[in-house]
There are 2 protein chains.
Amino acid sequence: MAILPNMNEVSARPNRQYIAEQARIFKALGHPSRLLMVQALRDGEKCVCDLQALIGADMSTVSRHLAVLREAGVVRSEKRGTNIYYALALSCLATFLQCTGTLIAERIRQKSALLEHDQDAT
Amino acid sequence: MAILPNMNEVSARPNRQYIAEQARIFKALGHPSRLLMVQALRDGEKCVCDLQALIGADMSTVSRHLAVLREAGVVRSEKRGTNIYYALALSCLATFLQCTGTLIAERIRQKSALLEHDQDAT
DNA sequence: TTCATATTTGGCAAAATAGCCATGCTTTAC
DNA sequence: GTAAAGCATGGCTATTTTGCCAAATATGAA
């Protein structure tokens, strides 16, 4: 029998492959264009053309970004007719986006307030 | 009054700064060494020396990684005596790590099974 | 003060990433 | 069959990231 990763062991002391895969997910999400596409996919699947319109970059660029997301397992793609439709494949992502979103909004708010204060002082 | 980001607007149609900040968080987490440190910090704060022992890279490398995490707002640091202690600053991260962890463990399990199957066939 | 310890920062070379253009592939329309 | 539409991929350059060494900084001990 092959050496299978033990769930408990994984949780306690993650092995290299496990960490690498998880980092891959974060890395895939760590680009504005890719994150924007993922945000959009929360509303439902979209074809590459839709996502290209959203990003406004070359089709080839969008396609590569989608490949990164797909290979990380963040999205999945399905071909129907002449189009390829992408959809979210990481259900728990929405919650996390919501949470960080709230935090970031708060941080941006505070930073704006700080800038305003500095302007008042000068 | 300064233009403050509106929460509703942010949720519906994220602006550039918002997306960039959120992507920054993911990017920071998208490196095996940084992710490993963050995983370790779930157990509580640690000094840089602890984290260096965990990663096994040069101290300067670890310090740089920590700076990336700190600037993204994933961790915060506090100086006490001659040490600097790092702690998680993104509470909702633990849940997401748990969720993706389960998913990844399952994927790795399936891939292992596939490899084993291929070996049986050859 | 001087020394040792803990951490950050400057600087550099190697590696990875991003984005564009041109090209190739696949499916539908004609 | 040919043409067109929708995506992916090869290939290239510019930029960014990574990781090390050396040097700077800060803090506590002697």
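Chain identifiers are assigned alphabetically (A, B, ...) following the order of the sequence lines, protein sequences preceding nucleic acid strands; residue numbering begins at 1 within each chain.
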- [ ] Identify, between A:R80 and A:K27, the residue whose nearest nucleotide on DNA chain C lies closer to the 5' end.
- [x]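 Looking at the nearest nucleotide for each, A:K27 comes out on the 5' side.
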TODO: Identify, between A:S60 and A:G30, the residue whose nearest nucleotide on DNA chain C lies closer to the 5' end.
DONE: A:G30
Between [options], which nucleotide has the shortest distance from any of its atoms to the side chain of [X]?
X: B:T61; options: C:dT8, C:dT5, D:dC20; result: D:dC20
X: A:R34; options: C:dG19, C:dA18, D:dC21; result: C:dA18
X: B:R64; options: D:dG6, C:dT9, D:dA26; result: C:dT9
X: A:C49; options: C:dT27, D:dC7, D:dG19; result: D:dC7
X: B:D58; options: D:dC20, C:dT27, D:dA8; result: D:dC20
X: B:Y86; options: D:dT9, C:dT8, C:dA6; result: C:dT8
X: A:T82; options: D:dA5, C:dG19, C:dC20; result: D:dA5
X: A:A57; options: D:dA8, C:dC20, C:dT8; result: C:dC20
X: B:H31; options: D:dC20, D:dG19, C:dC20; result: D:dG19
X: B:M59; options: C:dT9, C:dA18, C:dT8; result: C:dT8

TODO: Determine, for A:E78 against A:R76, whether the closest basic-nitrogen to carboxylate-oxygen distance falls under 4.0 angstrom.
DONE: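 Salt bridge: no.
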Task: Whole-Å gap separating P (C:dT17) and CZ (B:F26) - done: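 From B:F26 CZ to C:dT17 P: 18 Å.
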